[in-house]
Protein chains: 4
Amino acid sequence: MMATPQVRRGDTRQRIQEVALELFAEQGYEKTSLREIAEHLDVTKAALYYHFKTKEDILISVAKDLAGPVDDLIAWAATQPRTLATKREILRRYSDALWGAANFFRFMQENQATVRELSIGETFKSKIAALNGLLREPGFSMTDQVRCTAALFSMHAGMFAMQNIEGDPEEKRAAILEVAQGLITEAHRDQTETP
Amino acid sequence: MMATPQVRRGDTRQRIQEVALELFAEQGYEKTSLREIAEHLDVTKAALYYHFKTKEDILISVAKDLAGPVDDLIAWAATQPRTLATKREILRRYSDALWGAANFFRFMQENQATVRELSIGETFKSKIAALNGLLREPGFSMTDQVRCTAALFSMHAGMFAMQNIEGDPEEKRAAILEVAQGLITEAHRDQTETP
Amino acid sequence: MMATPQVRRGDTRQRIQEVALELFAEQGYEKTSLREIAEHLDVTKAALYYHFKTKEDILISVAKDLAGPVDDLIAWAATQPRTLATKREILRRYSDALWGAANFFRFMQENQATVRELSIGETFKSKIAALNGLLREPGFSMTDQVRCTAALFSMHAGMFAMQNIEGDPEEKRAAILEVAQGLITEAHRDQTETP
Amino acid sequence: MMATPQVRRGDTRQRIQEVALELFAEQGYEKTSLREIAEHLDVTKAALYYHFKTKEDILISVAKDLAGPVDDLIAWAATQPRTLATKREILRRYSDALWGAANFFRFMQENQATVRELSIGETFKSKIAALNGLLREPGFSMTDQVRCTAALFSMHAGMFAMQNIEGDPEEKRAAILEVAQGLITEAHRDQTETP
DNA sequence: TATGAATGAGGATTCATTCAT
DNA sequence: AATGAATGAATCCTCATTCAT
């Protein structure tokens, strides 16, 4: 029969991350002020600084938490043979990662210019480059290389571009994955047929 | 018998647009201050206000100038039959538009969060939606609808994602277009085969 | 019959310098906020930033204006022979410099810890070192070297320590100079007598 | 049979004083934050508040501990005749006091502007004034009064100004004292000779 | 066609301090 | 004897914008 505590417990740090990500995704990083974040949480700006050293730090901490699956994916992929099957599986898992932290990836896509100057910018760019490297084969024809790259970025784009289109979300997601996998498959088939 | 003018003549307005776009594309809209633009041009901030009513106005004017080809494309497409051939041509022309104002489209892509709040945001979004509507057939299977949409966005993504990859720019551009057209074609073939 | 202008003319920059120096000297650099300076001038903080890039910049500009005589003195001294007569004249001129910008030098003395971190810190330290170098002879006995150095610093200290003591300011100033010159003279006499 | 305690025992209060003085002397009072002090000690800011009521309180407590010798000196001097010999001894003892808490006196000298607003400011100023009163004779000529005052302040200045000069520290200290005593002596001789 | 001078609103950040535990 | 969490007030500084000249 404990009374509801008047002051929030030890979850403030996490609540900051949640609210911040939400606002960052909604309005952009620059347009979201710490005042705004603080107000949403009913704390003072200074409280944010108790938990994070800078505004950028909030974003970094969020990124660290949410980009983990992509790291795992890259690490896993590095142990696999560079076959078509592996690549299809990479895309499948990437789809999971993307949809598992949609808000965050939406933020990253819509704030590229801003993020580029931030420390997570390089980090992220290199992850995407790593994934791209795992899919693309330098020996392929230019067109097929584009197919591999397009497989990756179609998923990014698909995630948001399809938001406005009616239809069951899961079905859409499956369709996007299918198209991406189709591109990779086509690239490989193409190369096998025409040496 | 006029002496050569020491200072640039009536081209200031245009020079503002050029410098602004360059800086917007490089650093993002928010991170680019009017002071910075003015300094690059060796004029005062106040001079910018003689030519444009607001910061946003500079961007709007740039957008008006550069987005024209896309408007033309949409207008033209409206007069054409919704055939595969038309759609392939739409993509081809869109490729021209994109590469013809690469800086601007790069800006739009990397500053989506910011642009969304600006008046050109809606404008632009509706143009993309219009293009997408010209390519996508609501009657198609979800997968094929995704293919149509992916054709469009692959070009956006391709434009920048391929920057880091070695190879002749023109060849890359052709390859990107080919992949995009391939997607549309595949969507149509698919639908024709499996009614 | 022109009416008194409502807005101050072009003297704002200078008025900022004056007020700033006054407040810096009175309360110290850190304790003086830009808000305070602005209020004293009946302008906005932002106005200060129109004229100076940073708070430190205000101080730098003041220092540049007021430390000129010391530079002149050093330059002049460099062209003179290192005789006792020269040194006595250095002290005399230094007295002029000090009393000519008393507020500023008082500030420098009372804010050493702060000034040390600022860019003018090094600048100033090196000037004092230069002066000291012009007065001190490394070949002298330690005691006489101290006399030379004390001649310099007695003037600094005297300037303020004597403020509380009754008496005609000009007479005090003359007495301080005399004591300083006496120290230098004694150092030289001493060295001549005991080789 | 007590185990060696892992954490420092009851000496925290003293450690705070030590670290605080060190940082105050190094960076100045205002530039030294309680966070910084706490970090150097590996405790929380709140811990400082267990031992001291305010930031100023830390400084006050340090001053109380370190200024004792000067109080003793003043008390002792009050019981002595105002002879030249007494004054020379005052300077000698003052030299001891100064060198015995060099960090603290350096702090006081370099932070005059700040200290002036603090409660120890008045305290300290009055001590120096008391010392000065013990050395200076209002009946002396202005020049000789300046000599007396200069004797006192030369020691302050000497302490730090001579830091950059090569030579044995003890020898320097002795030389500084000698010069100071010389000034007092000269003042007295002068007065005796020219009544 | 521009500038010089200024403003008002707001930004991120830091600080000394408090208090329940 | 000390901490974790938080606050309120202040800091420096930047920005888009205005307007008389």
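Note that this is a predicted model, so its numbers are computed, not measured. Letters go in sequence order (proteins before strands), and every chain restarts at 1.
Taking atom CG of L23(A) as the reference point, atom P of dG11(E) lies 13 Å away to the nearest angstrom. Per the geometry, CG belonging to D57(C) stands 11 Å off P belonging to dT14(F), to the nearest Å. Straight-line distance from the CD1 atom of I37(A) to the P atom of dA6(F): 15 Å, rounded to whole Å.
With Q112(D) contributing its side chain and Q109(D) its backbone, the two residues share a donor-acceptor pair below 3.5 Å.
Taking only side-chain nitrogens and oxygens, T12(A) comes nearer than 4.0 Å to OP1 or OP2 of dA6(F). OP1 or OP2 of dA2(E) sits under 4.0 Å from a side-chain N or O of H51(B). Applying the 4.0 Å criterion to OP1 and OP2 of dA5(F), one finds that Y50(A) has a side-chain N or O inside that range.
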What does the list of N/O pairs under 3.5 Å between the protein and nucleotides 13-16 of chain E look like, with a distance for each?
residue	atom	partner	partner atom	Å
dT13(E)	OP2	Y49(A)	OH	2.6
dT13(E)	OP2	K55(A)	N	2.8
dT13(E)	O5'	Y49(A)	OH	3.0
dT13(E)	O4	K45(A)	NZ	3.4
dC15(E)	OP2	R35(D)	NH2	3.2
dA16(E)	OP1	K55(D)	NZ	2.8
dA16(E)	OP2	L34(D)	N	2.9

> Which dot-bracket string fits DNA chain E when only Watson-Crick or G-U wobble pairs with both atom distances under 3.5 Å count, crossing pairs get [ ], and | stands for a partner on a different strand?
Replying inline: .||||||||||||||||||||
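Residue I60(A) is tested with L118(A), D65(A), I120(A), T123(A) for a side-chain contact (heavy atoms from CB on, under 4.5 Å); the sole match is I120(A).
Residue A47(B) is the one, among A47(B) and E36(A), whose nearest nucleotide of DNA chain E lies closer to the 5' end (criterion: closest heavy atom).
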>> Please determine whether salt bridge (Lys or Arg N to Asp or Glu O under 4.0 Å) holds for the pair E110(B) and R116(A), giving the CA-CA distance in whole Å, both sets of side-chain angles, and the decisive distance to 0.1 Å.
In response: CA-CA 9 Å; E110(B) 297 188 343; R116(A) 203 180 331 135; 2.2 Å; yes
